[in-house]
Structures are given as C-alpha cells and as structure tokens.
There are 2 protein chains.
Amino acid sequence: MTNAVDALRAFNRFHSQWAGLLRPSYMDSGLGVTAARLLYEIGRAPTGGLLASDLCADLALDPGYVSRVLSRFEKSGWIARDRGRDARQRPIRLTPAGEAFLVRLDQRTRADTAARIAHLSPGNRAVLVAALAQVRALLDPAAD
Amino acid sequence: MTNAVDALRAFNRFHSQWAGLLRPSYMDSGLGVTAARLLYEIGRAPTGGLLASDLCADLALDPGYVSRVLSRFEKSGWIARDRGRDARQRPIRLTPAGEAFLVRLDQRTRADTAARIAHLSPGNRAVLVAALAQVRALLDPAAD
DNA sequence: CATTAATAGTTGATATAGTCAACCAACTGC
DNA sequence: GCAGTTGGTTGACTATATCAACTATTAATG
C-alpha cells in the first residue's frame, strides 16, 4: 500500500462508506441524494437568476428528471418559478419555506457530522483540517 | 472555515464529486455502483466461504436485492454457487471468467485513478498518501 | 417579414435500482 | 416431532433515472 494509486482507491472506498454516499435517503429528509444536492445548489445560487438548465449542467443531470424534481419542490412550496424576460426560461427562487427547510436540513447534517467527530480533541481536529486541506489541494489543482 | 465540521462537510462535497460517486454506471462496466461493490466484495473474500447474508450485512443491502444481483452474476458466468453442509446456504465463489472480468475492471479503475494524479510529483504523492492515512486514522477509530 | 433553426422546459414511455412482505426449505432446540 | 429460526428466493411495488417526442419561445437568415 505504499503506492499512491492504491492508497487513494482505498481511501475512496473508505470515505464514500463513511460519508454515507450509498444511503438512498439523504439524512432521512425524505429526499433522495440527488434531490438534496439540487436543493442545496438552489440554496447556494445567487438569488433570482438560477435556471433549470444551470442545474442540469452543474450537476450533470437529465433535464427531464430535473424538471420533475423541481415540480415536486414547487408543489412542496420550497421553490417558486417566475417567467424571465426570455419567456422560455423559468428562473428559480427559494421560498421562505424552502429556506427554512434547507436550514433545518443543514442543521441536522451539521449535527450528524459533529457527532461523528465528537471523539476528536481540539488538537486532532486541527490536524484533521490540515490534512483535508492538503488532500484537496493535491487532488484538485483548480480549487475554488 | 476554521471549523472542523464545516471543513469536513466541504471536503465531503468535494470528494464525492471528485470520486465520481454520483455516476450511475461504475466505470462504464455495465454494472451499477452497488453491483460493482458486490463483485469486489466477492473478489476480496476468502475463497469459498462467502454467503449472500454476509454481503447483505457487510454492505447493508436488502437480501432480496442481493439475491437478484447474484442471480445475474451467475447467469453472466462470473460466480457459481454450490450447496454447503448447511443445505440452506449457497456459498459463492468467483469463476475464472468472473476473476478475469474483475481484473479487467480493476485495471481500468486503477488506470483512471492513476491518470487523475498523473500531475503529482513523487514527493507530492508521498505527502498525499500521508495525508490520506491521517484523515482515515482520525475519522475511523476502528480502522482495519 | 417569413421561414428555419435553436433553446428552455415539459411530458410520456420505459428502464434500472431498491424496498417490503410473503414464502419455502432446511436447520436447531426442546 | 413440533415450534421457532435462518438462508435464500420470489412477487408486487416504489423510487430513481433515461430517452425521445413535443410545446412554446426566441434567434438567425434570406
């Protein structure tokens, strides 16, 4: 296991397991992992201008699928869609209810993560943060 | 972002994206991510004694689903199932064809990973390996 | 300005992935 | 030999995702 490729692959296995990427429902939110990612992305976007096509491109998802998920979000009252200047597009914005839902979800996720590193001392946390930054810097030449 | 929880969550986002965990088909193998994990697990197991129930437990999967995937594997000629002493259980073993398939798949995955860190110098690789080990040691108190 | 081509998004049909409950056969303990 | 349990399979179903066809609108070209 001195080899970087093997080490990395082993780490990938470990991490995807650890992070619960395999679980079908994201944090028992009733959302699938993909739907949760969509909602997060909507929450992160500059208010007002986000289009369905942006989501498709950013997350590499099928337009039809995105359309349906967005309809569900709309029905749940988490997003609203207006018409823009270009009447084909339907800019997405998060409603207050959606915002609230997202905040709750985020809090739960954060609490979960916190619990999973609760056993680490402050010193060890610092080491962890440094190591994570190191990994990311090396793997992602174009870090944002 | 000085906070360990936030750093970790950001890393999780980055890594799951980087590792391509979202892609439906594992390395264009025709297998879904779950099926690929099953096959790997079968390949890793001590020859002969592996049971479907072990796979269910280890990977937290539904018995019914596992049963079907294993049937597909059998039909593809990748595994064979005998009867054990306990005639309820059907110990799984990899056939030569399955072994070969797995080797090819592994080579492709390895090549892919290698390409993605091709830009790293030997020194940087060593740093990466150390950082990965560090992360894992901290996150996984019960590392194997 | 009329026609054609492209774009944003939706919808229908279909495939794949995963879940849940019922079930059979074989084993265990009494 | 019977009650309860275990390993595995099957059937019915839901959720997730893909593909192609379609509508409405805008842009491009003559």
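Chain identifiers are assigned alphabetically (A, B, ...) following the order of the sequence lines, protein sequences preceding nucleic acid strands; residue numbering begins at 1 within each chain. This structure is a prediction, so every number in the text was calculated from the model and none was measured.
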query = Is the count of non-hydrogen atoms from other residues, nucleotides or ligands lying under 6.0 Å from B/Arg44 atom CZ greater than 12?
reply = no
ask   = Mapping A/Arg68 and A/Arg85 onto DNA chain D by nearest heavy atom, which one lands closer to the 5' end?
value =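 The residue mapped nearer the 5' terminus is A/Arg68.
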When we call it a touch if two heavy atoms are under 4.0 Å apart, what does [X] touch: a base, just sugar-phosphate, or nothing?
X       : value
A/Thr34 : sugar-phosphate
A/Arg83 : nothing
A/Leu70 : nothing

In whole Å, I'd like the distance from the [atom1] atom of [X] to the [atom2] atom of [N].
X       : N      : atom1 : atom2 : result
A/Lys75 : C/dT10 : NZ    : P     : 12 Å
A/Arg88 : D/dA27 : CZ    : P     : 6 Å
B/Leu51 : C/dC27 : CG    : P     : 13 Å
A/Tyr65 : C/dG12 : OH    : P     : 18 Å
A/Asp86 : C/dA6  : CG    : P     : 17 Å
A/Asp62 : D/dA20 : CG    : P     : 10 Å
A/Glu74 : C/dT11 : CD    : P     : 11 Å
A/Leu59 : D/dT18 : CG    : C1'   : 17 Å

Of the listed nucleotides ([options]), which one gets closest to any side-chain atom of [X]?
X       : options               : result
A/Ser67 : C/dT11, D/dG7, C/dA17 : C/dT11
B/Ala87 : D/dG11, C/dG9, C/dA26 : C/dA26
A/Arg81 : D/dG8, D/dT10, C/dG9  : C/dG9
A/Ser53 : D/dT9, C/dA8, D/dT26  : C/dA8

inquiry  = Between A/Asp62 and A/Arg68, does the salt bridge (charged side-chain N to carboxylate O under 4.0 Å, His left out) criterion hold? Intermediate values first, please.
reply    = CA-CA 10 Å; A/Asp62 180 79; A/Arg68 281 178 239 266; over 6 Å; no
request  = Could you check A/Gly64 against B/Ala60 and say which one's nearest nucleotide on DNA chain C is further toward the 5' end?
outcome  =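 Residue closer to the 5' terminus by nearest nucleotide: A/Gly64.
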Distance under 6.0 Å and angle within 45° of ring axis: B/Arg116 vs B/Trp18 =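 B/Arg116 over B/Trp18 ring: yes.
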task = Kindly assign one of parallel, tilted or perpendicular to the pair A/His15 and B/His15, based on the angle between their ring planes and the thresholds 30° and 60°.
result = perpendicular
Where A/Asp58 and A/Glu41 come nearest, the two heavy atoms and their spacing = OD2-OE2, 4.0 Å
